[in-house]
Amino acid sequence: MYDFFELTIKNLETAIGVLGKEKYRSRQLFKWVYNRGIYDVNDMTDIPKSLRMVFRDMFDMSLPEIKEAHFSQDGSIKFALLLKDGNIVESVFIPEEKRNTLCVSSQIGCRMGCKFCVTGKIGFIRNLSASEIVGQLVAVKRYLDNYVPSSDIDRKVFTERHAEEPTKRLITNIVFMGMGEPIDNLDNIIQVIDLLKEPLGLDYSYRKITVSSVGLIDGLSLIKPKVASIAISLNAADDEKRTYLMPINRLYPINAILNFVKGFKGTNRIRITFEYILIKGFNDSINDAKQLSEILKGTKCKINLIPYNESPYIEFKTPNTETINEFHAYLLSKNFTTIIRSSRGQDIGGACGQLGMRYLDKSAHS
Ligand code: SF4
């Protein structure tokens with residue numbers, strides 16, 4: 001049996017072609033599933049009944065089950081999705097003024113061990129399959145399409161943010177920034193990107209898909225412009241500090257990353273984004289900002305400053321607002337396109353670096 005959610009149109013055509021059936025059947029299946037939200041082959045009425053029975057036994061169209069949806073006061077929603085093997089994966093829906101982003105996970109746990117990240121504390125459990133990654137998107141999309149608030153708090157958050165305008169529920173952007181390092185699961189990520197861009201299916205432009213990495217440049221070099229946008233988690237401007245925060249820096253030090261970025265032939269509108277998590281007393285001084293501006297001088301990039309999201313499992317603290325603003329102002333004064341990414345979903349443990357607490361909190365399993 002094939003996992004339907006990891007097949008592109010081409011893969012489907014091949015699978016159906018082996019049966020001696022017409023290729024256009026794959027397009028029909030795709031439209032039913034991705035455009036009309038029908039996941040039961042029996043309901044696909046323009047496919048002959050006998051063929052529906054064949055397809056039913058041939059394709060597994062089951063999705064990860066949404067076990068929990070936590071609503072933040074800021075409108076973001078953290079989802080816990082149950083996979084077939086009993087593992088739970090987390091995704092976060094983040095509505096903004098001009099776009100709604102879904103942050104998806106690519107692994108259960110992570111082997112990169114970044115000191116500021118809860119997922120890193122779990123260690124590596126396994127890669128997610130392409131269908132488990134696409135499944136997060138399709139399951140959340142289905143949830144949002146059909147959502148009816150069940151409590152006054154949910155209703156207040158959801159109706160204010162989403163319900164009045166149905167378009168507010170649309171997932172316009174996808175970021176691989178949840179649990180795991182996407183480039184450490186490269187084959188599946190490339191398959192997922194192909195699927196996300198399928199014109200007859202989800203039809204996302206490469207501009208709307210962002211792969212965020214600690215800087216595994218060998219794998220990143222396969223994510224070329226027009227494949228997806230790239231974000232690299234930098235977090236320090238010198239190797240000693242970066243290695244302390246991110247052990248992977250021993251293999252891919254700052255210079256190697258900068259050389260990769262310089263060789264990245266983006267278009268005018270596609271630039272690499274550097275993420276810089278601001279941690280109180282560690283990398284948030286004006287001296288750090290100066291050092292950052294020096295190493296990035298002449299590099300075509302954007303900088304996202306992310307004030308650290310505190311977690312009970314990690315000792316780092318969030319800098320105060322004044323420090324954050326000074327750091328930001330310094331980079332602006334050096335003409336870097338820099339924004340402060342306000343942390344979303346902190347009250348639900350859905351902010352950057354907070355995913356996966358359930359694996360550390362034994363009570364979550366009871
Ligand atoms: S920040 Fe990303 S790469 Fe680093 S440990 Fe966390 S999930 Fe892994």
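Read the numbers this way: they start at 1 and go in the same order the structure lists the ligands and their atoms.
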Sequence neighbours left out, what passes side chain to side chain donor-acceptor pair (under 3.5 Å) with Glu22? Give chain and number order.
->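 Arg25.
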Who pairs with Ser26 by side chain to side chain donor-acceptor pair (under 3.5 Å), at least two apart in sequence or on another chain?
->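 Testing Ser26 for side chain to side chain donor-acceptor pair (under 3.5 Å), a comparison that skips the adjacent residues, returns none.
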Check whether any N, O or S atom of Cys117, backbone or side chain, sits closer than 2.8 Å to atom 6 (Fe) of ligand 1.
->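 Yes.
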Hey, is Lys197 close enough to Asp203 for a salt bridge, meaning N to O under 4.0 Å?
->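 A salt bridge is absent here (no side-chain N lies under 4.0 Å from a carboxylate O).
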Is Lys280 salt-bridged to Asp284, cutoff N-O under 4.0 Å?
->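 Judged by the 4.0 Å cut-off on N to carboxylate O distance, Lys280 and Asp284 do not form a salt bridge.
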Where does Cys114 meet ligand 1, judged by heavy-atom distances below 4.0 Å: at the side chain, the backbone, both, or neither?
->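 Under 4.0 Å from ligand 1, Cys114 contributes backbone and side-chain atoms.
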Relative to the heavy atoms of Gly120, which atoms of ligand 1 are at a distance of less than 4.0 Å?
->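 Atoms satisfying the 4.0 Å criterion: 5 (S).
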